[in-house]
A.B. asks: 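Dropping the structure in here first, questions after.
Numbers for residues simply follow the sequence, beginning at 1.
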Amino acid sequence: VVVVVVVTIIRRYDAAITHHEARLSLATEMDDNQGMYRALGNLCSVAKQKGDTATAQEYWRRQQELAPPSTQPTTQTQPPTQTQPPTQTQPTKQPQPTQPQPTAKTK
């Protein structure tokens with residue numbers, strides 16, 4: 001993760017791609033799904049930052065194939081696009097504190 005941040009800040013995309021492709025190759029040889037998942041995610045990020053949307057989408061698709069069932073994409077999950085609209089969150093209504101109810105006294 002740190003390598004992606006440093007490499008892409010100084011715009012050395014080719015070096016970042018080479019690094020993550022090597023990581024993907026090694027993870028594939030070792031049958032390391034988590035390593036492949038991370039490498040594909042990093043490759044997707046670099047491709048998107050380069051403006052290569054088609055490649056970013058392909059890496060994203062391959063990454064989703066490796067995702068555990070709890071993180072599999074739903075119909076609402078979308079691959080990266082060139083211009084994604086900002087997400088707007090609705091303010092959540094805070095629950096109001098409840099007053100204790102008086103209890104009836106019995107004799």
Side-chain angles (χ1 to χ4, degrees):
V1 175
V2 175
V3 173
V4 172
V5 173
V6 172
V7 172
T8 55
I9 286 176
I10 58 176
R11 308 244 188 264
R12 294 187 54 208
Y13 300 119
D14 293 337
I17 291 169
T18 300
H19 170 80
H20 295 301
E21 284 177 343
R23 182 175 182 199
L24 176 61
S25 177
L26 182 60
T28 302
E29 284 179 34
M30 297 176 65
D31 199 28
D32 175 10
N33 282 348
Q34 187 176 21
M36 290 185 287
Y37 183 85
R38 288 181 178 167
L40 288 165
N42 290 333
L43 285 163
C44 176
S45 295
V46 174
K48 185 174 179 187
Q49 289 175 20
K50 278 181 68 173
D52 188 351
T53 306
T55 301
Q57 289 175 343
E58 178 59 22
Y59 285 132
W60 180 86
R61 184 196 59 74
R62 289 175 57 195
Q63 183 189 39
Q64 295 311 303
E65 290 174 356
L66 297 171
S70 63
T71 59
Q72 286 290 335
T74 63
T75 55
Q76 294 177 347
T77 305
Q78 298 295 319
T81 60
Q82 186 66 24
T83 55
Q84 287 185 341
T87 57
Q88 294 182 355
T89 57
Q90 297 293 329
T92 57
K93 189 174 183 179
Q94 297 295 327
Q96 298 296 322
T98 58
Q99 297 293 329
Q101 298 296 324
T103 56
K105 292 185 180 182
T106 57
K107 291 186 181 185

A.B. asks: Closest heavy-atom contact between C44 and A56?
C.D. replies: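 C44 and A56 have their closest heavy atoms at SG-O, 3.3 Å.
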A.B. asks: For R38 and L66, what are the C-alpha separation, side-chain angles and deciding distance, and is it a side chain to side chain contact (heavy atoms under 4.5 Å, CB included)?
C.D. replies: CA-CA 10 Å; R38 288 181 178 167; L66 297 171; over 6 Å; no
A.B. asks: Looking at CD of Q63 and CE of M36, how far apart are the two atoms once the value is rounded to the nearest 0.5 Å?
C.D. replies: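 It comes to 11.5 Å.
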A.B. asks: Would you compute the distance between atom CG of D52 and atom CD of E58 and round it to the nearest 0.5 angstrom?
C.D. replies: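 One finds 11.0 Å between CG of D52 and CD of E58.
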A.B. asks: What's the separation between atom CE in M30 and atom OG1 in T28, rounded to the nearest 0.5 Å?
C.D. replies: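 The OG1 atom of T28 is 11.0 Å from CE of M30, to the nearest 0.5 Å.
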A.B. asks: In this structure, which one of V46, L43, N42 forms a side-chain contact (heavy atoms from CB on, under 4.5 Å) with Y59?
C.D. replies: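 Exactly one option meets the side-chain contact (heavy atoms from CB on, under 4.5 Å) with Y59, and it is L43.
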A.B. asks: Could you give me the CA-CA distance, side-chain angles and deciding distance for E65 and R62, then say whether salt bridge (charged side-chain N to carboxylate O under 4.0 Å, His left out) is met?
C.D. replies: CA-CA 5 Å; E65 290 174 356; R62 289 175 57 195; over 6 Å; no
A.B. asks: Evaluate the side-chain proximity of K48 to T53: yes if any heavy-atom separation is below 4.5 Å, no if none is.
C.D. replies: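 Side chain of T53 against side chain of K48, heavy atoms only: no contact under 4.5 Å found.
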A.B. asks: Roughly how far apart are E29 CD and L24 CG, rounded to 0.5 Å?
C.D. replies: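 CG of L24 is found 10.5 Å from CD of E29.
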A.B. asks: Which atoms form the tightest heavy-atom contact between A27 and G35, and what is the distance?
C.D. replies: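 Reported closest heavy-atom pair: CB-C, 3.7 Å.
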A.B. asks: For residues Q49 and Y13, report the shortest heavy-atom separation together with the two atoms involved.
C.D. replies: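 Taking every non-hydrogen atom into account, O-OH, 3.7 Å.
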A.B. asks: Counting only N and O atoms by type, is there a donor-acceptor contact under 3.5 Å from the side chain of S25 to the main-chain atoms of E21?
C.D. replies: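 No.
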A.B. asks: How long is the gap from OG1 on T18 to CZ on R23, to the nearest 0.5 Å?
C.D. replies: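 Here the interatomic distance stands at 15.0 Å.
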